[in-house]
Each structure stands twice: as C-alpha cells, then as structure tokens.
Amino acid sequence: MKAVTQTIYGILIAGSVLFASCGSDAHSKQESPPGEQPHPAIPADPGHDLFEQRCAGCHGSDGTAGIGGAADLQTTIADSVAVVQVVSHGRRSMPAFGQALSTTEIGQIARYVKQLHR
Ligand code: HEC
C-alpha cells in the first residue's frame with residue numbers, strides 16, 4: 001500500500017512539473033520575437049508613414065490639398081512607374097526625393113499613392 005501511495009505522489013509531482021513547464025512555454029510563445037509585427041494580420045503600411053512625412057505637406061493626407069500647385073493624387077493619371085519617376089527626380093516645383101529616400105521606400109510610397117486614387 002505504501003508503494004502505491006508513493007507512486008501516486010510521484011505521478012502528481014511529475015504532472016505538476018510538466019504542467020508548470022507547459023505554462024511557461026505557452027507564455028514565452030505569446031511574446032513576439034524582436035522585429036516582428038505584433039499583429040501580422042494588420043501590417044503597418046510604411047508607405048502611409050512616409051507619405052505623411054514627405055508628401056502630405058504639399059499634397060495633403062488625402063492627396064488633394066494642392067499646396068503650391070501640387071497635383072491631385074486622387075485624380076492623377078500617373079501610374080506607379082510615373083509616380084516613382086516624379087518622386088525620384090522631382091518635376092517643376094515638386095522636389096526630388098531620389099537622394100532622401102531608398103528605392104524600397106519610393107516603391108512603398110508609390111503603392112500608397114495608388115491606394116489614394118479614386
Ligand atoms: C514641396 C511640395 C511637394 C512635396 C513635398 C511633394 N510634392 Fe508631389 N508635386 C508637387 C507639385 C507642385 C507637383 C506638380 C508638378 C508639376 O507641375 O509638374 C507635384 C506632382 C506630383 C505627382 C505627379 C502627378 C501627376 O498627375 O503627374 C506625383 C505622383 C507626386 N507629386 C507625388 C508626390 C509624392 C509621393 C510625394 C512625397 C514623396 C510628393 N509628391 C511630395 C509638390 C510636392
């Protein structure tokens with residue numbers, strides 16, 4: 001009888017140790033590894049942030065402000081290639097961003113400008 005009791009205690013202890021380690025495992029899995037988006041289902045749009053920083057001052061957040069003669073980006077006929085071209089090299093009073101932004105960033109902005117289009 002004593003041996004049976006010891007076995008039961010042994011199972012209980014082993015079980016609680018397993019449970020505890022499972023619990024801490026699950027906890028560490030909930031934390032996102034560094035550099036990963038906490039909500040991968042709703043990724044932040046880097047093009048939006050860049051547009052707000054670099055473009056909204058003239059074009060407005062919705063693309064229609066037209067400050068200093070800035071083109072309306074909701075009605076522009078410029079396609080993505082043309083947007084990359086204008087952003088990289090500038091045009092008349094629009095400054096060039098080819099030095100300030102990487103080609104990746106300009107591509108992200110061009111994708112965002114496409115979303116503004118109505
Ligand atoms: C200093 C003001 C200013 C800023 C900042 C600016 N733009 Fe412009 N943008 C203009 C002006 C002015 C024009 C019209 C150029 C012309 O007359 O040919 C223009 C034209 C454009 C065009 C051409 C549209 C068409 O129909 O041909 C695009 C695309 C564009 N801008 C995108 C951007 C993006 C993207 C940014 C940010 C990276 C940006 N602009 C930042 C002033 C600005």
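Whatever order the structure lists ligands and atoms in, that order sets their numbers, starting from 1. As a basis for the values below, the full set of heavy atoms in this structure was taken, side chains included, without hydrogen atoms, waters or symmetry mates.
Ring geometry for Y112 against H48 counts as perpendicular: the plane angle is over 60°, on a 0 to 90° scale with 30° as the lower cut.
Nearest protein neighbour of atom 12 (C) of ligand 1, counting heavy atoms only, is S93 OG, 3.2 Å. Nearest to atom 5 (C) of ligand 1 among the protein's heavy atoms is R54 O, 3.2 Å. If you check which protein heavy atom lies closest to atom 25 (C) of ligand 1, you get T76 OG1, 3.1 Å. Remark: minimum distance from atom 10 (C) of ligand 1 to any protein heavy atom is reached at M94 CB, 3.3 Å. Counting only heavy atoms of the protein, atom 36 (C) of ligand 1 lies nearest to C55 SG, 2.7 Å. Regarding atom 2 (C) of ligand 1, its nearest protein heavy-atom neighbour is C58 SG, 1.9 Å. Among protein heavy atoms, the minimum distance from atom 14 (C) of ligand 1 is reached at G69 O, 3.7 Å. When only non-hydrogen protein atoms are considered, atom 11 (C) of ligand 1 lies nearest to A70 CA, 3.3 Å.
Put simply, H59 gets within reach of atom 8 (Fe) of ligand 1, with an N, O or S atom under 2.8 Å from it.
Contacts with ligand 1 closer than 4.0 Å are made by no heavy atom of L50, backbone or side chain. With a 4.0 Å heavy-atom cut-off, ligand 1 is reached by the side chain of P95 but not by its N, CA, C or O. Heavy atoms from both the backbone and the side chain of R91 come within less than 4.0 Å of ligand 1. By the criterion of a heavy-atom distance under 4.0 Å, neither the backbone nor the side chain of I67 is placed next to ligand 1.
Note that CG of L73 and SG of C58 are 10.5 Å apart. Values are rounded to the nearest 0.5 Å.
Side-chain atoms of H117 come within 3.5 Å of backbone N or O of T76 as a donor-acceptor pair. S88 contributes a side-chain N or O that, together with a main-chain N or O of V84, makes up a donor-acceptor pair within less than 3.5 Å. A donor-acceptor distance shorter than 3.5 angstrom exists from the side chain of H59 to the backbone of A71, with no hydrogens or angles considered.
Ligand 1 lies out of reach of G57, whose nearest heavy atom is not under 4.0 Å from it.
No more than 12 heavy atoms of other residues, nucleotides or ligands lie within 6.0 Å of CD1 in I77, so this atom counts as exposed by the packing criterion.
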